[in-house]
**Q** 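Before anything else, here's the structure in question.
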2 protein chains.
Amino acid sequence: MGDQIAGMFKALGDPTRLRIFNFLRSCCGPVAVDDSGEARPLDGPTVGEVCCHVTGGDRITSTISHHLKELRQAGIITMQRRGKHIVCAVDPNAIRLLVEHLTSTQGDDHDCCE
Amino acid sequence: MGDQIAGMFKALGDPTRLRIFNFLRSCCGPVAVDDSGEARPLDGPTVGEVCCHVTGGDRITSTISHHLKELRQAGIITMQRRGKHIVCAVDPNAIRLLVEHLTSTQGDDHDCCE
DNA sequence: ATGTTAGTTCGATATATTTAGAAACGTAGA
DNA sequence: TCTACGTTTCTAAATATATCGAACTAACAT
């Protein structure tokens, strides 16, 4: 339960992934959320653009692909194929979840271990 | 610059440390913030109490001490000696910083790598 | 079909992290 | 001072992570 949250923080805890996250958040297009709550990017940077931006043009795609996968598995971002490209976007649900966890007054468990 | 934020997320990205964080946030007492912006716990659980709560009584203090050190170095918590004990508390500045980073519309850098 | 562009997966390696036991350290009180 | 208690530091071992190049897959164009 709290381990899902930990996984999200962990995903953002790597400098490269945080740069990816920042770029996607500042740059990404609208995100559609369907009935089941699943988010899908309508538009946004492609994997190649992320790679180019984050590495400064060095384009070691495999590394970026690995980090994108981790962000996706943590539930931070979503990706969708658009023909030859794959577009990425931050999942707004994830951000909401993290902010709530950081700001909620009540911790999940509580017995002050006297 | 963004690396400090990454360090904070990383610190919260470990399940054990996130449990410590949750416990401290739900349990800790008032925190004084002095003129220089430095936060100091006025009251809160001791290291031993954190350990007891998080490990369920197994008290492997060295491990918890290690995690507390990491949380402290990341700037998430503060600790202060109170006689024989050391009390811990979450630094409210850290939470504010993280929430702002998650919710700010503007990413730190932006050139959509055309 | 062939080639080309866009991404992913695999394999290897170097590095970092988590964990825990033992020893050392600092503080309070007899 | 001596002892008990609370906490940190040292050391070591198992595990996880980040990174890169090469091989692979998918979609499109000619």
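Naming convention: chains lettered A, B, ... in sequence-line order (proteins, then strands); numbering from 1 in each chain. Every heavy atom of this structure was used, including side-chain atoms; hydrogens, water molecules and symmetry mates were not.
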**Q** Using a heavy-atom cut-off of 4.0 Å to chain A, what are the terminal contacting nucleotides of DNA chain D, in 5' to 3' order?
**A** D:dT17 to D:dC28
**Q** Check each residue of residues 64-77 of chain A for a non-hydrogen atom within less than 4.0 Å of any atom in DNA chain C, then write out the ones that pass by number, or none.
**A** A:Ser65, A:Lys69
**Q** If you assign B:Ile86 and A:Ser62 each to the DNA chain D nucleotide with the nearest heavy atom, which residue ends up on the more 5' nucleotide?
**A** B:Ile86
**Q** Tell me, please, which residues at least two apart from A:Thr61 pass side-chain contact (heavy atoms from CB on, under 4.5 Å).
**A** A:Cys51
**Q** Just wondering, do B:Pro45 and B:Leu24 contact through their side chains at under 4.5 Å, heavy atoms?
**A** yes
**Q** Does the protein touch nucleotides 24-30 of chain C at the base, only the backbone, or not at all? Give it as B, S and - per nucleotide, heavy atoms under 4.0 Å.
**A** ---SS--
**Q** May I have the distance from A:Lys10 (atom NZ) to C:dT18 (atom C1'), rounded to whole angstrom?
**A** 10 Å
**Q** Holding to side-chain contact (heavy atoms from CB on, under 4.5 Å), I want the full list of residues that pass it with A:Lys69, two or more places apart in sequence or in another chain.
**A** A:Arg72, A:Gln73
**Q** Could I get the full list of side-chain contact (heavy atoms from CB on, under 4.5 Å) partners for B:Ser65, not counting sequence neighbours?
**A** none
**Q** Does B:Arg19 reach the main-chain N or O of B:Val54 with its side chain, forming a donor-acceptor pair under 3.5 Å?
**A** yes
**Q** For a side chain to side chain contact (heavy atoms under 4.5 Å, CB included) with A:Leu68, tell me which candidate from A:Ile77, A:Thr63, A:Ile76 qualifies.
**A** A:Ile77
**Q** Taking side chain as C-beta onward, heavy atoms only, is B:Val87 less than 4.5 Å from B:Arg81?
**A** no
**Q** Would you check if the side chain of B:Glu49 reaches a backbone N or O of B:Thr46 as a donor-acceptor pair within less than 3.5 Å?
**A** yes
**Q** Sequence neighbours excluded and cut-off under 3.5 Å, please list the side-chain donor-acceptor pairs for residues 5-17 of chain B, or say none.
**A**
residue: B:Asp14; atom: OD2; partner: B:Thr16; partner atom: N; Å: 3.0
residue: B:Asp14; atom: OD2; partner: B:Arg17; partner atom: N; Å: 3.2
residue: B:Arg17; atom: NE; partner: B:Ala11; partner atom: O; Å: 2.7
residue: B:Arg17; atom: NH1; partner: B:His67; partner atom: ND1; Å: 3.1

**Q** Just to verify, what does B:His66 make a side-chain contact (heavy atoms from CB on, under 4.5 Å) with, not counting sequence neighbours?
**A** B:Glu70
